[in-house]
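Within every chain, numbering begins at 1; the chains are lettered A, B, ... in the order of the sequence lines, protein sequences first and strands thereafter.
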Amino acid sequence: MFRCKTVWNKLAPLARASSTLCLQNARKSALRHGRRLEMVQKAQMSSGPAGGGGENTLYYVLIGATCLGTGVYAYRTVSGDKERYNERMIEIASRPKQGPQAAEALAEVVAESKEDAAPLESIPEPSSEPVKSEPVAEEPTLTEPPAEEVLVTEADVESTESEPVAEVPVTEPNVEEPVEASIPEPTVESPLREPVVEASVTEPVAEAPAVTQNDEPLAPVVESETEPTPVIIAEHVPEASSVSEIAADSKAAPAAEPIEPTAAPSDVPEHAPYLLIGGGTASFAAARSIRARDPGARVLIVTEESDLPYMRPPLSKELWFSDDPKAVETLHFKQWNGKERSIYFQPPSFYVSPADLAKVENGGVAVLTGRKVVHMDVRGNKVKLSDGAEISYEKCLIATGGVPRNLQVIERAGEEVMKRTTLFRKIEDFRSLEKISGEVKSITIIGGGFLGSELACALGRRSTDAGLKVVQMFPEKGNMGKVLPEYLSNWTTEKVRKEGVSVITEAVVKNVTYKNDGLEIKLKDGRLFKTDHIVAAVGLEPSVELAKSAGLEVDSDFGGYRVNSELQACSNIWVAGDAACFYDIKLGRRRVEHHDHAVVSGRLAGENMTGASKPYWHQSMFWSDLGPDVGYEAIGIVDSSLPTVGVFAKATAKDTPKAATELSGTGIRSESETEAVAGTLKSETTATPPPTQQKEDYGKGVIFYLRDQVVVGIVLWNVFNRMPIARKIIKDGEQHGDLNEVAKLFNIHED
Amino acid sequence: MSYCKQEGKDRVIFVTKEDHEAPSNAELIEDDPNDPYEDQGLILPNGDINWNCPCLGGMASGPCGQQFKEAFSCFHYSKEELKGSDCVENFRSMQECMQKYPELYPQEDDDSAPSGGADNAPTASTSTDSFPTSSPDSTPATTKNLAAS
């Protein structure tokens, strides 16, 4: 278009002339129907500089040139777009959480590694079929029947074509990774050669830096391949060089970051009566529920993370407020009642080792860390792991949660920007951000929801002591803009600002660039911000990679696996937690991303896996704390687009600001409120005492969210220990004429 | 005096304490105690023990879960005059098991003693758990129970 414009501008004088002529012609021909252009022109009195006939030609030339210009431009744009599209597809495929399908499309090379002969012996593996490769963190592996080794070699050789995207950090093959003490690891550069005898020695393959393919000729590859030829035996062939392609990863997490799994592949049991995919809150709750109901149950949890199951809320709250300098290491925090605990649900001694799971007398819960389930065979009732191992099950739970979303502008911005961006979800993200907060001068949080606001407040706390500038920006008008009604959202934003955060509302990020060893964020309205580090808290993308292989439905409205009201996806498969889009009998189909929901749904799934057949009935709740003054609990559908009725305690002369009395000094709760020591352990405040009508103080109250006159959601604003009443109101689902009467049930004026 | 205002679709009511003193006339539906869907307490309507009760924390699901269940069941159904006196053996084996996992079942005085009876068993899970076995709830209506019980 621009090109056309320049062309147009250049020929402007001529253009004007001919265009005026055109207009006049048009008018005249409109008046005289059917008169052709030429004839009309001839009737003109005077013409442009070039004279009558010449004008025509010029006119045609001009139009022709314009069309040509358009054509050229269009062609360029389309082909440029195609290129960009391809690049993007490659980039997407390189992301760790993207389905193996995508990666497979690109990664044709097989990465080989030592396999565990024992459990896999009986399992025939497809030969040279490229294994679905898990980019970045995990290494695609392939087990090959020995006879085809030669074939494989060739295949490997062939497929070692260069990956256009490869960033070519040639990381060492997985081999180098010190696996487990029990396994002697020859630290060979490329080829890893293992005598068959040691085939039984296992190597946790799960996380391994993959080697990028470079453009080198096949020679070195061939060499490394030929080395292990003598090794052919009926066992699984431990293949040598782990030549694999990395779908180049431009993310902050370097490809070479190996995460040590805590169990060796030899520990992978072949069969688990209860298989739980995912090792988070929902999974753990289900494990507990199963064990409680089915005596002697053997439960296997398979998780991609390297940690045992833990709870996430303290990662953005309590752990930041801990006085203990070791808290980052030990991950211990103080609960609101003063008791200290770890974020891990249970210490390691609670769990049985996967290898012993089948044998231990009364069953138990085993956790297989660092392994990802990449394929589900629903008809055969088995799953395949990233390292090729297969596990059959009788009942399976999918509790894969999700991955943090990122902003497109950041993804497109290049590696330097990605390196300075944190997507916050796991323990390692917490540790990394904690470390960074001590090193940089400014951090910007993009996102105004729960996580963003909590992190902003947590970092804001540190801002004064550490000389750290904390900025939070989001498109809404106020913090929690999608959850709280506007007046409350504005009030909350003020509170967040008081925590030391510079809040930028109505900010849509247009692009981010790396400049002068820092980041420059440009907003759509032109504002420019410089910062050292970005935390993107813009939502969660549910992990539904198994949907394809398992033939499970994915919900198009809410995302996640579609399950019924009993959390069941199909006969032997249930889904719980963040990844489950379920039917709530009272509130309709929804997907909830909160901690208590993970507990409730995990527990329910566990019950249903042991035959209970109960629907989702116990409504889960959630809570958030934003500094010492703002704390609320909520239940049901809390969406600011719904009409709301808020009932607040009117501040009187008697109300005074009270300091938080809680031990940790921050009014932050993370435990069941039924344990509350009534009245003493919550924070209360009235920001301003005087009860003048102009100054609204939303100190404490109840907000009802209505849908068709029925209360579907309730927020308890600075009132605590009333959740059972709220739950009851939602459960009843009645139309209440006067919500003030309903509000009376909460006794908001009491402590 | 309370007052009310409207901010677009949102209504805000400010109420004084006096206004809220009158009892509410909002109608709530009676709860059905036999509702099968509702979360049950420790003892189910038919008299059985609800092992999935959050109040038990991880007691029934841990490594010593089996022993715990046996001991507690024995106590629950015990018809002796001194309830649970016929269950000494069960409690002893439970205590033995628990001693093997000091991390999970921190030993405190008298809490795991067999003669303490099952009364202490659930409370054992409450008081002895300074470590993360659970944050036990006395009611099944768990609200913010992070320990996933």
Next item on the list: Determine whether the aromatic ring centres of Tyr698(A) and Phe14(B) lie less than 6.0 Å apart.
Entry: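 Close enough - the centres of the two rings lie under 6.0 Å apart.
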
- Query: By a 4.5 Å heavy-atom criterion (distance strictly below it), what part of Glu21(B) contacts chain A: side chain, backbone, both, or neither?
  - Reply: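 Contact with chain A is absent: no heavy atom of Glu21(B) under 4.5 Å.
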
Using non-hydrogen atoms only, which part of Pro102(B) is less than 4.5 Å away from chain A: side chain, backbone, both, or neither?
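Contact with chain A: none, neither part.
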
Please round to the nearest 0.5 Å and tell me the distance separating atom [atom1] of [X] and atom [atom2] of [Y].
| X | Y | atom1 | atom2 | result |
| --- | --- | --- | --- | --- |
| Phe704(A) | Asp10(B) | CZ | CG | 14.0 Å |
| Phe284(A) | Ser61(B) | CZ | OG | 6.5 Å |
| Lys744(A) | Asn25(B) | NZ | CG | 6.5 Å |

Portion of [X] that has a non-hydrogen atom of chain B nearer than 4.5 angstrom:
| X | answer |
| --- | --- |
| Asn362(A) | side chain |
| Ile290(A) | neither |
| Glu361(A) | neither |
| Ala297(A) | neither |
| Ser620(A) | neither |

Give a yes or no on whether the backbone of [Y] and the side-chain of [X] come within a donor-acceptor separation of less than 3.5 Å.
| X | Y | result |
| --- | --- | --- |
| Arg11(B) | Val645(A) | no |
| His749(A) | Val15(B) | yes |
| Arg291(A) | Gly65(B) | no |
| Lys9(B) | Pro485(A) | no |
| Lys728(A) | Ile29(B) | yes |

Could you tell me which residues satisfy ring pair (Phe, Tyr, Trp, His ring centres under 6.0 Å) with His736(A), sequence neighbours excluded, listed by chain and number?
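Not a single residue meets the ring pair (Phe, Tyr, Trp, His ring centres under 6.0 Å) criterion with His736(A).
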
Listed partners of Glu81(B) passing side chain to side chain contact (heavy atoms under 4.5 Å, CB included), at least two apart: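 Side chain to side chain contact (heavy atoms under 4.5 Å, CB included) check on Glu81(B) returns nothing, list empty.
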
Any side-chain heavy-atom pair from [X] and [Y] closer than 4.5 angstrom?
| X | Y | answer |
| --- | --- | --- |
| Leu28(B) | Glu734(A) | no |
| Ile13(B) | Phe648(A) | no |
| His20(B) | Asn747(A) | no |

